[in-house]
Amino acid sequence: DDMIYFPVDNKTRKQFSLLREQIMACTRGQKFLKKLVSIRWTRILDQMMNVKPTISFERVKRLSFECGLSLREINEMLGFFHEIGAIIYFSSTEALRQTI
């Protein structure tokens, strides 16, 4: 149960179920999985993902305002998506805040 490496045979699919169980056990404990997320947030994230590799904060703000989000909600949304690894967003300086 404390395995770090999971050898998987792609031909026989041996060990897939153990790997799947371990992934599920690990993710169940993550607090962000228990957070309810607005459908507006997921729509904005989908739009952000269609603009690769980066998107400006101004464009995210425009998309978010069109969906009815406030500036406070935008910052909360970006922080949350950064926390779960969906985007990279740093708000510590103005320069970093401008690119997502």
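We count residues from 1, following the sequence as given.
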Quick one, L78 with M48, criterion side-chain contact (heavy atoms from CB on, under 4.5 Å). Give me CA distance, side-chain angles, the key distance, then yes/no.
CA-CA 11 Å; L78 293 173; M48 288 170 41; 4.0 Å; yes
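- Side chain of E73 to backbone of S70: a donor-acceptor contact under 3.5 angstrom is found.
- Rounded to the nearest 0.5 angstrom, S56 OG and E58 CD are separated by 6.5 Å.
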Please assess R59 against I100 for the test side-chain contact (heavy atoms from CB on, under 4.5 Å), listing each intermediate value before the final yes or no.
CA-CA 10 Å; R59 186 157 179 197; I100 301 157; over 6 Å; no
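- Transitive grouping of hydrophobic side chains (ILVMFWY, heavy atoms separated by less than 4.5 Å) brings F81 and M49 into a common cluster.
- By the criterion of side-chain heavy atoms lying less than 4.5 angstrom apart, applied directly or through intervening Ile, Leu, Val, Met, Phe, Trp or Tyr residues, L63 is not grouped with I39; the two fall into different hydrophobic clusters.
- Rounding to the nearest 0.5 Å gives a distance of 12.0 Å between OG1 of T54 and CD of Q98.
- Note that NE2 of H82 and CE of M77 are 14.0 Å apart. Values are rounded to the nearest 0.5 Å.
- In this structure, CG on N75 lies 15.0 Å from CZ on F80, to the nearest 0.5 angstrom.
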Show your reasoning for whether side-chain contact (heavy atoms from CB on, under 4.5 Å) applies to I74 and I44.
CA-CA 10 Å; I74 295 168; I44 295 165; over 6 Å; no
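- Considering only residues two or more places apart in sequence or on other chains, R72 meets the side chain to side chain donor-acceptor pair (under 3.5 Å) condition with E76.
- Two residues are said to be in side-chain contact when any heavy atoms from C-beta on lie closer than 4.5 Å; L45 and I87 meet this criterion.
- Summarising the local packing, CG of L96 is surrounded by more than 12 heavy atoms from other residues, nucleotides or ligands at distances under 6.0 Å.
- Ring geometry for F57 versus Y89: interplanar angle under 30°, hence parallel rather than tilted (30 to 60°).
- In terms of modelled atom types and a separation under 3.5 Å, the side chain of R97 and the main chain of F90 share no donor-acceptor contact.
- Rounding to the nearest 0.5 Å places OG of S64 at 9.5 Å from CG of L71.
- Atom CZ of residue R43 and atom CD of residue Q47 lie 9.0 Å apart, to the nearest 0.5 angstrom.
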Walk me through it: do T42 and V37 pass the test side-chain contact (heavy atoms from CB on, under 4.5 Å)?
CA-CA 7 Å; T42 58; V37 177; 4.2 Å; yes
